[in-house]
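Worksheet for the structure shown next.
Please read all numbers here as calculations on a predicted model, not as lab measurements.
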Amino acid sequence: MDTNDWRLVKKRTADADGAVYVSANGTRYRRTGGAALRSEATFQQMAASLGYPVPQVLELGESNDGTFFVDEESLGEQSLHEKALASLDGGRELSDLVVDQLAEVSARLLSAQAAHPVDAGPEALRHWVEQAGWTHNVFAENPDLDTPRTRAALTRATDELSRMPLVWGHLDYGLPNVLAGGVIDWQHHGVMPLGYDVALALEVIPFKGGAKGYAATPEQRDRYLAVLDSVARSAGCPPLSVHLGAFLLVKSLFFLALMRPTDPAQADKHQKWQYRRHLLLQGLKQYERTGNIDTARFPTFDGFTAGQGAPGRP
């Protein structure tokens, strides 16, 4: 494997020894890694054959030292996350152009997913909750959250989503992994209810705490979901917006799983863990009362640490 004509972009987090390179003319990317990358490349080839908006795999193979590599077409130089940051002009409002590009790519992905449902068996939804929410990790690290109340809400969400077809999904969908030409980084792919990927792309922004970056307006969120609802209805499926609460309950677990309990003496990390716990509990309370979760009602991280939120317990 010759990388002399390739420029190193970054090391890969999915593989300890993996990296991402870009060709000299910028038309293709090369990723290196091990077994995880092999699995991702195989899935990506299948997804491309189903019409998913993914990079075309151009070449793959193995070097003399056993390193696996995959070359794929470039979908552009900037992710929508990077475009969103570059378009900020002193404020935090997300660019309408970025929202429209996100809606276009998301609609393409949703349409392809709806056209190719997966017959995954009766345990698939339960497995999705575990995989997407990292529930085993969350409950092991936060045993006080493993209560009949939390379990009942997850059962309610699972029952609600049983009406949605199961499809192959990204499971880490968001602006950092979306480019104008399609979706990259499929290493976490798995079976999920239709809509879990795309419906939350703007809803997850408040989980970052609101201290920096961009934010979507209510009008942008509504417009984005309206596009997706139209695609879902055209495919003979329920609108995604009615299942937003169930999707977000699982996503709240995922975001808490990213913040592990720490010694209170490590103030910053400890507060971020407490903040994510608070968002999960607030979302759980909303879902119990209304069947929905409105992320616009989440406190910012600064507001939480100033006392506008409280760690809380279930």
Side-chain angles (χ1 to χ4, degrees), residues 12-16 18 33-37 39-40 43 120-121 123-161 166 168-174 176-177 185-193 196-197 199-201 203-209 245-288 293 295 298 301 304 309 311-314:
R12 297 186 67 235
T13 57
D15 282 289
L37 183 58
S39 174
E40 182 184 354
F43 173 81
E123 292 297 308
L125 268 179
R126 183 196 60 78
H127 179 70
W128 162 71
V129 171
E130 169 59 37
Q131 182 185 14
W134 292 23
T135 54
H136 178 76
N137 298 61
V138 170
F139 292 149
E141 295 170 354
N142 303 267
D144 61 314
L145 297 180
D146 188 4
T147 65
R149 175 192 178 192
T150 308
R151 295 284 182 176
L154 289 173
T155 297
R156 174 183 173 183
T158 303
D159 290 345
E160 175 187 334
L161 292 168
L166 297 173
W168 284 108
H170 190 280
L171 291 174
D172 191 24
Y173 191 82
N177 290 324
D185 291 346
W186 288 83
Q187 63 262 34
H188 300 297
H189 63 270
V191 174
M192 54 163 225
Y196 179 70
D197 274 344
L200 303 185
E203 301 299 324
V204 298
I205 296 173
F207 284 93
K208 304 302 176 65
F247 289 147
L248 278 166
L249 183 64
V250 175
K251 186 62 78 171
S252 297
L253 288 162
F254 165 77
F255 275 108
L256 177 56
L258 298 179
M259 295 293 175
R260 294 188 167 185
T262 59
D263 186 332
Q266 297 180 281
D268 184 58
K269 290 184 178 180
H270 186 72
Q271 287 175 335
K272 288 178 180 177
W273 169 63
Q274 293 281 24
Y275 176 64
R276 293 283 175 85
R277 280 173 54 92
H278 179 74
L279 299 189
L280 170 61
L281 291 171
Q282 187 175 104
L284 174 63
K285 185 176 181 180
Q286 289 187 37
Y287 185 66
E288 288 175 326
I293 297 175
T295 57
F298 286 175
F301 178 70
F304 173 78
R313 299 185 70 85

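- In this structure, the ring-ring contact (aromatic ring centres under 6.0 Å, His included) partners of Tyr196, at least two apart in sequence or on a different chain, are Trp128, Phe247.
- Each of Gln271, Lys272, Gln266 was scored for a side-chain hydrogen bond (donor to acceptor under 3.5 Å, both in side chains) with Asp268, with one residue passing: Lys272.
- The shortest heavy-atom contact between Leu284 and Ala153 is CD1-CB, 3.3 Å.
- Among Phe254, Tyr275, Phe255, the one residue that satisfies the ring-ring contact (aromatic ring centres under 6.0 Å, His included) test with Phe207 is Phe255.
- Considering only residues two or more places apart in sequence or on other chains, Arg156 meets the side chain to side chain donor-acceptor pair (under 3.5 Å) condition with none of them.
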Check your understanding: For Glu288 and Arg149, what are the C-alpha separation, side-chain angles and deciding distance, and is it a salt bridge (charged side-chain N to carboxylate O under 4.0 Å, His left out)?
Key -> CA-CA 9 Å; Glu288 288 175 326; Arg149 175 192 178 192; 2.8 Å; yes
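- Between Leu166 and Ala120, the shortest heavy-atom contact is CD1-CB, 4.0 Å.
- Going from atom CZ of Phe301 over to atom CG of Leu279 covers 10.5 Å, rounded to the nearest 0.5 Å.
- In this structure, Asp185 and His170 approach most closely via the heavy-atom pair O-NE2, 2.6 Å.
- Annotation: side chain to side chain donor-acceptor pair (under 3.5 Å) contacts of Glu160 (sequence neighbours excluded): His243, Tyr287.
- For the residue pair Ala132 and Val250, the shortest heavy atom distance occurs at CB-CG1, 3.9 Å.
- The side chain to side chain donor-acceptor pair (under 3.5 Å) check on Thr135 picks up Glu130, with sequence neighbours excluded.
- Shown here are the side chain to side chain donor-acceptor pair (under 3.5 Å) partners of Gln282, two or more places apart in sequence or in another chain: there are none.
- Val138 and Ala257 get closest at one heavy-atom pair: CG2-CB, 3.7 Å.
- Rounded to the nearest 0.5 angstrom, Trp134 CH2 and Leu253 CG are separated by 12.5 Å.
- Judged by the 6.0 Å and 45° rule, Arg277 forms a cation-pi pair with Trp273.
- Here the CD atom belonging to Gln274 is positioned 10.0 Å from the CG atom belonging to Leu281, to the nearest 0.5 angstrom.
- With rounding to the nearest 0.5 Å, the separation of CG in Asn142 from CG in Asn137 is 10.0 Å.
- With rounding to the nearest 0.5 angstrom, the CG atom of Leu200 is 11.0 Å from the OH atom of Tyr173.
- Distance alone, capped at 3.5 Å, places no donor-acceptor pair between the Arg126 side chain and the Thr158 backbone.
- The side-chain heavy atoms of Val191 and His127, taken from C-beta on, include no pair separated by under 4.5 Å.
- Thr150 and Thr147 share a donor-acceptor pair across their side chains, judged by distance under 3.5 Å alone.
- For the ring-ring contact (aromatic ring centres under 6.0 Å, His included) test, residues two or more places apart in sequence or in another chain that qualify with Phe43 are Trp168, Trp186, His189.
- The CG atom of Leu248 lies 7.0 Å from the CZ atom of Phe298; values are rounded to the nearest 0.5 Å.
- When all heavy atoms are compared, the tightest approach of Glu203 to Ala199 is CG-O, 3.8 Å.
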